[in-house]
Amino acid sequence: MEQVMASIPDFEIAETGISKDNSAEAEQFKIRVDEIFQKVDELEQKVNEVEQFNLNSSKKQQSSSKGSSMGKEQDKGRQVPSIKKQQQDASRREAAAAKRMQELMRQFGTIVRQITQHKWAWPFMQPVDVKGLGLHDYYEIIEKPMDFSTIKNQMEAKDGTGYKNVRDICADVRLVFNNAMKYNDEGSDVHLMAKTLLEKFEEKWQLLLPKVTEEERRRDEEEAEAQLDMQLVREAAHAKVVRDLCNELYEVDTHLEHLRETVVQKCRKMSTEEKRNLGTAIARLSMEDLNKALEIIAQSNPAFQAMAEEVEIDIDAQSESTLWRLKFFVKDALELQSRSAMSTGGNNNYNNKRKKEICDAIAKTAKKKSKKTSS
């Protein structure tokens, strides 16, 4: 790459094609262009992040088990709620669900009272007096002691430490009796009392269970609806971000192009030697950058077909604006190639062939011009 740069000395950083009187102004333009490039990179990164979010959302919808055709049609017609409305709806749902659960817990409390009022309930009303009864192995057998006074305190707790769900209370009631049957022998009175009360409890619990199941189903549906609303809000927010970013990218690109044209207009006329060096430098470009160089020529020359099978480039026929745009582009592209020397391979035969054809066309045109000049 050092040989490449040595063969085109007018592509050094100090050579900008701008007169010394305008060099300071040109440097300011260069700084502004660099800042815009950095801004463009940041905006493109944000666009990529949002597009990745949309891609992930699309995959989730496709893999959803509820993604039936009817469900999709309902989603399409669903209005996107605002964040404020979503928060208000969530608060109302939570309040209504908490009220319904309190009613279920009140009904469950009736069951607990009926069980604790049974004549055989007295052994289970208070925590087991392990020390007083000399039950030295109790904590080795029973992992989690439980009694009805502890359950009652939990049900009546007002500091937020109480039960949140009826099933949690049900589990502790069962634990009271299961602990007693586990520690006491099957033929003992306590074991028999615990077994009898547990059977009575299960009979009463079965009467309340349908209401509990219905409430759980309703809460699941409401939670799913809330999640859908949240997803719609996120997608709408990201869609707006994408639109805003695209608008910003367009404005930045327009501003950047204006700055480039301003810089080009202040450039001096390119000499014959510089044009020859420019043609040599173009021949050093990668296939990808060579196509970009052809696009620059096509922008100022609508008749020029950059993607044609045969391309003939007449450097001398290009406008000063096009020549300097090419020079700036080629300079940056070659500098990037020199920093990325590890990626010099990879061109296929077609690309190598097309590149050779274009470079030969440049050289052929240059020879024709040279012969006319000498004659």
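The analysis underlying the following values was restricted to heavy atoms, covering all of them including side chains, and did not include hydrogens, waters or symmetry mates.
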A.B. asks: In Å and rounded to the nearest 0.5 Å, what is the CD1 to CG distance from Ile296 to Asn291?
C.D. replies: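 Answer for the CD1-CG pair, Ile296 versus Asn291, is 11.5 Å.
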
A.B. asks: Taking all non-hydrogen atoms of both residues, which atom of Phe124 and which atom of Ala180 are closest, and how far apart?
C.D. replies: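 That closest heavy-atom pairing would be CE2-CB, 3.6 Å.
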
A.B. asks: Can you tell whether the side chains of Arg218 and Glu221 come within less than 4.0 Å, N to carboxylate O?
C.D. replies: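 The answer is no: the pair does not qualify as a salt bridge.
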
A.B. asks: Less than 4.5 Å apart, side chain to side chain, heavy atoms only: is that true for Lys331 and Glu335?
C.D. replies: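 SC-SC contact between Lys331 and Glu335 confirmed.
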
A.B. asks: If you define the side chain from C-beta out and look only at heavy atoms, does anything of Tyr138 sit under 4.5 Å from Leu133?
C.D. replies: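 The answer is no, as the side chains (C-beta and beyond) never meet within the 4.5 Å cut-off.
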
A.B. asks: Could you check whether any side-chain heavy atom of Leu278 comes within less than 4.5 Å of a side-chain heavy atom of Val330, counting everything from C-beta outward?
C.D. replies: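 Leu278 vs Val330: side chains touch.
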
A.B. asks: Does a side-chain N-to-carboxylate-O contact under 4.0 Å join Arg167 and Glu216?
C.D. replies: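 A salt bridge links Arg167 with Glu216.
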
A.B. asks: With sequence neighbours excluded, what pairs up with Glu94 under the salt bridge (charged side-chain N to carboxylate O under 4.0 Å, His left out) test?
C.D. replies: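 Here the qualifying residues are Arg219.
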
A.B. asks: Is a side-chain N or O of Asn179 found less than 3.5 angstrom from the main chain of Lys144, in a donor-acceptor match?
C.D. replies: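 Present.
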
A.B. asks: If we ignore angles and hydrogens, is there a donor and acceptor under 3.5 Å between the side chains of Arg284 and Gln337?
C.D. replies: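 Looking only at side-chain atoms, Gln337 and Arg284 do not form any donor-acceptor pair under 3.5 Å.
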
A.B. asks: State the CD-CD distance between Glu225 and Glu223, to the nearest 0.5 angstrom.
C.D. replies: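 Atom-to-atom, Glu225:CD and Glu223:CD are 10.5 Å apart.
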
A.B. asks: Is there a side-chain contact between Leu334 and Asp289 in this structure, where contact means two heavy atoms from C-beta onward sitting under 4.5 Å apart?
C.D. replies: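 With C-beta onward as the side chain, the pair stays apart.
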
A.B. asks: Considering all heavy atoms of both residues, which atom of Asn184 and which atom of Ser188 are nearest to each other, and what is their separation?
C.D. replies: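 Here Asn184 and Ser188 meet closest at CB-OG, 3.4 Å.
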
A.B. asks: Which atom names give the shortest non-hydrogen contact between Glu222 and Arg93, and what distance separates them?
C.D. replies: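 In terms of heavy atoms, the two residues are closest at CB-CD, 3.8 Å.
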
A.B. asks: Does a salt bridge link Arg174 with Glu199, judged by any charged N lying under 4.0 Å from a carboxylate O?
C.D. replies: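 Looking at Arg174 and Glu199, the cut-off is not met.
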
A.B. asks: May I have the step-by-step check of side-chain hydrogen bond (donor to acceptor under 3.5 Å, both in side chains) for Lys200 and Gln114, ending in yes or no?
C.D. replies: CA-CA 10 Å; Lys200 292 183 176 296; Gln114 291 173 349; over 6 Å; no

A.B. asks: Using the side chain to side chain contact (heavy atoms under 4.5 Å, CB included) rule, take Asp147 and Val128 through it: C-alpha gap first, then chi angles, then the decisive distance, then the call.
C.D. replies: CA-CA 8 Å; Asp147 63 277; Val128 176; over 6 Å; no

A.B. asks: I'd like to know if Lys152 and Glu156 make a salt bridge, using a cut-off of under 4.0 Å between side-chain N and carboxylate O.
C.D. replies: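 So Lys152 pairs with Glu156 through a salt bridge.
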
A.B. asks: When hydrophobic residues are tied together by side-chain contacts of less than 4.5 Å, even through go-betweens, does Met146 share a cluster with Tyr139?
C.D. replies: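 No.
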
A.B. asks: Taking atom CG of Asp189 as the centre, report whether more than 12 heavy atoms of other residues, nucleotides or ligands fall under 6.0 Å from it.
C.D. replies: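 No, the 6.0 Å shell around CG holds no more than 12 heavy atoms from other groups.
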
A.B. asks: What pair of heavy atoms forms the shortest contact from Leu197 to Trp120, and how long is it?
C.D. replies: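 Smallest heavy-atom distance, with atoms named: CD1-O, 3.6 Å.
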
A.B. asks: Any ion pair linking Glu186 and Lys195 (charged N to carboxylate O, less than 4.0 Å)?
C.D. replies: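 Answer for the salt bridge query: no.
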
A.B. asks: Can you tell if the side chain of Val190 reaches within under 4.5 Å of the side chain of Tyr183, non-hydrogen atoms only?
C.D. replies: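 The answer is no; the side chains never approach within 4.5 Å.
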
A.B. asks: Return yes if some donor-acceptor pair links the side-chain N/O of Gln126 with the main-chain N/O of Ser149 below 3.5 Å, else return no.
C.D. replies: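 Answer holds: no.
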
A.B. asks: Group every Ile, Leu, Val, Met, Phe, Trp and Tyr by side-chain heavy-atom contacts under 4.5 Å, then state whether Phe201 and Trp122 land in the same group.
C.D. replies: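 Same cluster.
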
A.B. asks: Dump the intermediate steps for side-chain hydrogen bond (donor to acceptor under 3.5 Å, both in side chains) on Thr116 and Arg113, then the final yes or no.
C.D. replies: CA-CA 5 Å; Thr116 55; Arg113 282 193 300 273; over 6 Å; no

A.B. asks: Determine whether Met155 and Val212 fall in the same hydrophobic cluster, where Ile, Leu, Val, Met, Phe, Trp and Tyr are linked whenever their side-chain heavy atoms lie under 4.5 Å apart.
C.D. replies: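 Met155 and Val212: one cluster.
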
A.B. asks: List the steps, then state whether side chain to side chain contact (heavy atoms under 4.5 Å, CB included) holds for Ile282 with Ile315.
C.D. replies: CA-CA 11 Å; Ile282 291 175; Ile315 292 293; 4.2 Å; yes

A.B. asks: In sequence, state the C-alpha distance, the side-chain angles, and the governing distance for Asn153 and Thr150, and then conclude on side-chain hydrogen bond (donor to acceptor under 3.5 Å, both in side chains).
C.D. replies: CA-CA 5 Å; Asn153 292 335; Thr150 301; 5.6 Å; no

A.B. asks: Measuring from atom CD of Glu202 to atom CG of Leu209, what distance do you get when rounded to the nearest 0.5 angstrom?
C.D. replies: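 Going from the CD atom of Glu202 to the CG atom of Leu209 covers 9.5 Å.
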
A.B. asks: Using a distance-only test with no angle check, is there a side-chain donor-acceptor pair under 3.5 angstrom linking Gln299 and Glu295?
C.D. replies: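 Checked: Gln299/Glu295 side chains show no N/O donor-acceptor pair below 3.5 Å.
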
A.B. asks: State yes or no: do Ile151 and Met181 share one hydrophobic cluster built from I, L, V, M, F, W and Y residues joined by side-chain heavy-atom distances below 4.5 Å, directly or via other members?
C.D. replies: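 Result: yes, single cluster for both.
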
A.B. asks: Salt bridge or not between Glu215 and Arg100? Use side-chain N to carboxylate O under 4.0 Å.
C.D. replies: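 Looking at Glu215 and Arg100, the cut-off is met.
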
A.B. asks: Kindly compute the distance separating CD (Gln318) from CG (Leu323), expressed to the nearest 0.5 Å.
C.D. replies: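 It comes to 6.5 Å.
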
A.B. asks: Looking only at non-hydrogen atoms, find the nearest pair between Val166 and Leu104 and report the distance.
C.D. replies: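 Here Val166 and Leu104 meet closest at CG2-CB, 3.6 Å.
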
A.B. asks: Does the pair Arg276/Asp316 count as a salt bridge with the N-to-O cut at 4.0 Å?
C.D. replies: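 Asp316 and Arg276: not salt-bridged.
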
A.B. asks: Treat each ILVMFWY residue as a node, draw an edge where side-chain heavy atoms are under 4.5 Å apart, and state whether Ile115 and Leu208 are in one component.
C.D. replies: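 Cluster IDs for Ile115 and Leu208 match.
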
A.B. asks: Could you tell me whether the side chain of Lys164 and the main chain of Gly162 form a donor-acceptor pair under 3.5 Å?
C.D. replies: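 Present.
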
A.B. asks: If the condition is ring pair (Phe, Tyr, Trp, His ring centres under 6.0 Å), which residues does Phe148 pass it with, not counting sequence neighbours?
C.D. replies: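 With sequence neighbours excluded, Phe148 shows a ring pair (Phe, Tyr, Trp, His ring centres under 6.0 Å) to Phe177, given in chain and number order.
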
A.B. asks: If we ignore angles and hydrogens, is there a donor and acceptor under 3.5 Å between the side chains of Thr280 and Asn277?
C.D. replies: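 Asn277 and Thr280 do not have a side-chain donor-acceptor pair below 3.5 Å.
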
A.B. asks: Got a donor-acceptor contact below 3.5 angstrom from the Lys182 side chain to the Ile141 backbone?
C.D. replies: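 Yes: the side chain of Lys182 pairs with the backbone of Ile141.
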
A.B. asks: Would you compute the distance between atom NZ of Lys292 and atom CZ of Phe329 and round it to the nearest 0.5 angstrom?
C.D. replies: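 CZ of Phe329 is found 5.5 Å from NZ of Lys292.
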
A.B. asks: How long is the straight-line distance from CD of Glu274 back to NZ of Lys269, given to the nearest 0.5 Å?
C.D. replies: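 Taking NZ in Lys269 and CD in Glu274, the distance rounds to 12.0 Å.
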
